2 protein chains.
Amino acid sequence: MKIDPNSSKDLSAQIATAIRDAIVAGDLIVDQRLPSEAELADQFEVSRPTVREALKRLAAQSLIRTQRGATGGAFVNRLRYAEAYTQQVTTSTLLLSMNAVSFDVACEARYALERACAPMSAQRRTPDQLATMRAEIHRQSQPDLSDEAFCASDVTFHRALVDGAGNKVLSYQLAGAVEAMQPLMNMITFSARSREAIVALHTELADALTDKDAARTDQTLVKLEAYTRELAQNVADARARKAAEKESTTA
Amino acid sequence: MKIDPNSSKDLSAQIATAIRDAIVAGDLIVDQRLPSEAELADQFEVSRPTVREALKRLAAQSLIRTQRGATGGAFVNRLRYAEAYTQQVTTSTLLLSMNAVSFDVACEARYALERACAPMSAQRRTPDQLATMRAEIHRQSQPDLSDEAFCASDVTFHRALVDGAGNKVLSYQLAGAVEAMQPLMNMITFSARSREAIVALHTELADALTDKDAARTDQTLVKLEAYTRELAQNVADARARKAAEKESTTA
DNA sequence: AATTTTCATTTGTCATACGTTTAAAGGTTT
DNA sequence: AAACCTTTAAACGTATGACAAATGAAAATT
């Protein structure tokens, strides 16, 4: 592992890349201890703070973990689903919020992905997952629920549906998409009537999954997508009307 | 933004989290300049190296960028698809390689996701994307192509298919899944006959998409998934046989 | 033998200093 | 007055040295 002191990039960035490449290539294996910060500083011919900055970069990506003490040091971390999942949600959320992604595009992506695991979910869903869905449906029926709590429950419901496919890779990939949508969903104010409609569709989904009816699950997801987009459209229209009114009174 | 000096976590980790939360919450907007390192050190009542470690953590996630010079500093970075995509691929690749994900699970996830965008791709694919697919098919027909180059071409082909859906969010989510599979795919040695079969299926996919035939696209993807799993199974069987032989000669 | 103490190692944090980059302010020349 | 050069100050990048805190292992003690 070598670095170029004359490169335009930071030394810490170069060192981080070098170590990351070694991990990805398998030269450093899980739970293996890296040399101490002092040793790394010697090897790369830089100071300890520079090495530390590089290690912090790797720690931010959960590639290493550090331990203090006599037998401490930096260790190659086994990337777990939970960590990867958290990172993915953060990244996806920021990506959507920073790039003016339209509600329709995000919604289309989300339901396309969800429909992808519907057939598997209909076949493999566990009683536990069905119970989670029923519990969330019940929660969503509470009249005094805040809009945000309603959305959070919606996410939990859909995660149970996705997890029902019994494929961890699929769950991991979709979790990001479903959860990243939440801020966009939060912009919608749910009327009592629209909540009722959504609860009805959720119930239909749970029923279809209970019956292992893949086709009906798929159809219900299509209905739910259409209804969600209709709701968002109404909100957008209402805003546009309000803006127009304000314009006319000002003029 | 406050931190707890008595927490078990590193100060730099706490500071990074505080700033990240501010970005996610929208308190810090894109291109906004953060206070200088010295000012942050004063605000958080820590030293500059500690602040720098926190900033490097954020830089590793592409949340900020830094500039040197008189008007330099740390700026909130607009997370672009390309950056998010790179991070996602790294994370997904490591997740798969470190967690002994079976080929079948990864393969199932990949094709489920790909089938999710097949209908949209059949409708919206551009001539450019069709041309890319044809070009990759042609490349895959070259007999002197290495296995790795064949896999890389396979990835490009499937990315064109995914991009054909014309949904950036979908492309972003799927790119990780498709690309992360590549190391697993590389374990397969493609015989001349199996390459021929794959090229034929790819041609069928391109034809179906050219005809905007969603159903045929979907069916072909199912066939391709089945064939891919069959190939992987053969490789696994061959390995098992070899191991058994070795066992018997040793014993 | 069990317990306590000591000790060396390693990360976490701090203070300080200096080099490098960069843009803007100021001065000089045409 | 305009264009060009010089200076300067701000900010990051890097280095050095030091000390604190954690931690496990070795040594000493009971």
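Proteins get letters first, then strands, A, B, ... in listed order; numbering begins at 1 in each. All of these numbers come straight from a predicted model, not from anything done at the bench.
- Minimum atom distance to the side chain of A/Asp10 is reached by D/dG13, of the listed D/dG13, C/dG12, D/dA9.
- Per the geometry, NZ belonging to A/Lys9 stands 18 Å off P belonging to C/dT21, to the nearest Å.
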Dump every N/O contact between nucleotides 17-19 of chain D and the protein below 3.5 Å, one line per pair.
| residue | atom | partner | partner atom | Å |
| --- | --- | --- | --- | --- |
| D/dA18 | N6 | A/Arg48 | NH2 | 3.4 |

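- A/Lys56 comes within contact range of the sugar-phosphate backbone alone, with a heavy-atom separation under 4.0 Å but no base atom that close.
- Residues A/Asn77 and A/Glu83 have side chains in contact (heavy-atom distance under 4.5 Å, counting atoms from C-beta outward).
- Remark: B/Glu53 does not engage B/Lys56 in a salt bridge, criterion side-chain N to carboxylate O under 4.0 Å.
- One can place CG of B/Leu40 at 16 Å from P of C/dT13, the figure rounded to the nearest angstrom.
- A/Arg65 comes within 4.0 angstrom of nothing in the nucleic acid, heavy atoms only.
- A sub-4.0 Å separation between OP1 or OP2 of D/dC12 and a side-chain N or O of B/Arg52 is absent.
- Within the 4.0 Å cut-off from OP1 or OP2 of D/dA15, at least one side-chain nitrogen or oxygen of A/Thr50 is found.
- Taking the side chain of A/Thr66 as heavy atoms from C-beta on, and the options D/dA10, C/dT11, C/dT9, the nearest nucleotide is C/dT11.
- Judged purely by distance below 3.5 Å, without hydrogens or angles, the side chains of B/Ser47 and B/Thr50 pair a donor atom with an acceptor atom.
- For A/Asp104 and A/Arg110, the salt-bridge test fails: no basic side-chain N is under 4.0 Å from an acidic carboxylate O.
- A/Ala41 and A/Arg48 get closest at one heavy-atom pair: CB-N, 4.1 Å.
- If you take CZ of B/Phe75 and P of C/dA23, they are 10 Å apart, rounded to a whole angstrom.
- B/Ile15 places its CD1 atom 11 Å from the C1' atom of C/dT13, with the value rounded to the nearest Å.
- The side chain of B/Ser47 sits closest to C/dA15 out of C/dA15, D/dT14, D/dA22.
- Checking the phosphate oxygens (OP1, OP2) of C/dT10, no side-chain nitrogen or oxygen of A/Thr71 falls inside 4.0 Å.
- Between the CG atom of B/Asp42 and the P atom of C/dT13 there is a distance of 17 Å, given to the nearest Å.
- Electrostatic pairing of A/Asp163 and A/Arg124 does not count as a salt bridge here, judged by no charged N lying under 4.0 Å from a carboxylate O.
- The side chain of B/Ser36 lies closest to D/dA11 when the candidates are D/dA10, D/dA11, D/dT14.
- Contact annotation: side chain of A/Arg68 to base of C/dT10, donor-acceptor pair absent below 3.5 Å.
- The CD-C1' distance, from B/Glu53 to C/dT13, rounds to 8 Å in whole Å.
- With sequence neighbours left out, the ring-ring contact (aromatic ring centres under 6.0 Å, His included) criterion links A/Phe103 to no other residue.
- Here the P atom of nucleotide C/dT9 and the CD atom of A/Glu39 are 11 Å apart, to the nearest Å.
- Shown here for A/Ile23 and A/Leu63, the closest heavy-atom pair between the two residues is CD1-O, 4.1 Å.
- The distance between atom CG of B/Leu55 and atom P of D/dG13, rounded to the nearest whole Å, is 9 Å.
- In the set C/dT13, C/dA23, C/dC14, the nucleotide with an atom closest to the side chain of B/Val46 is C/dC14.
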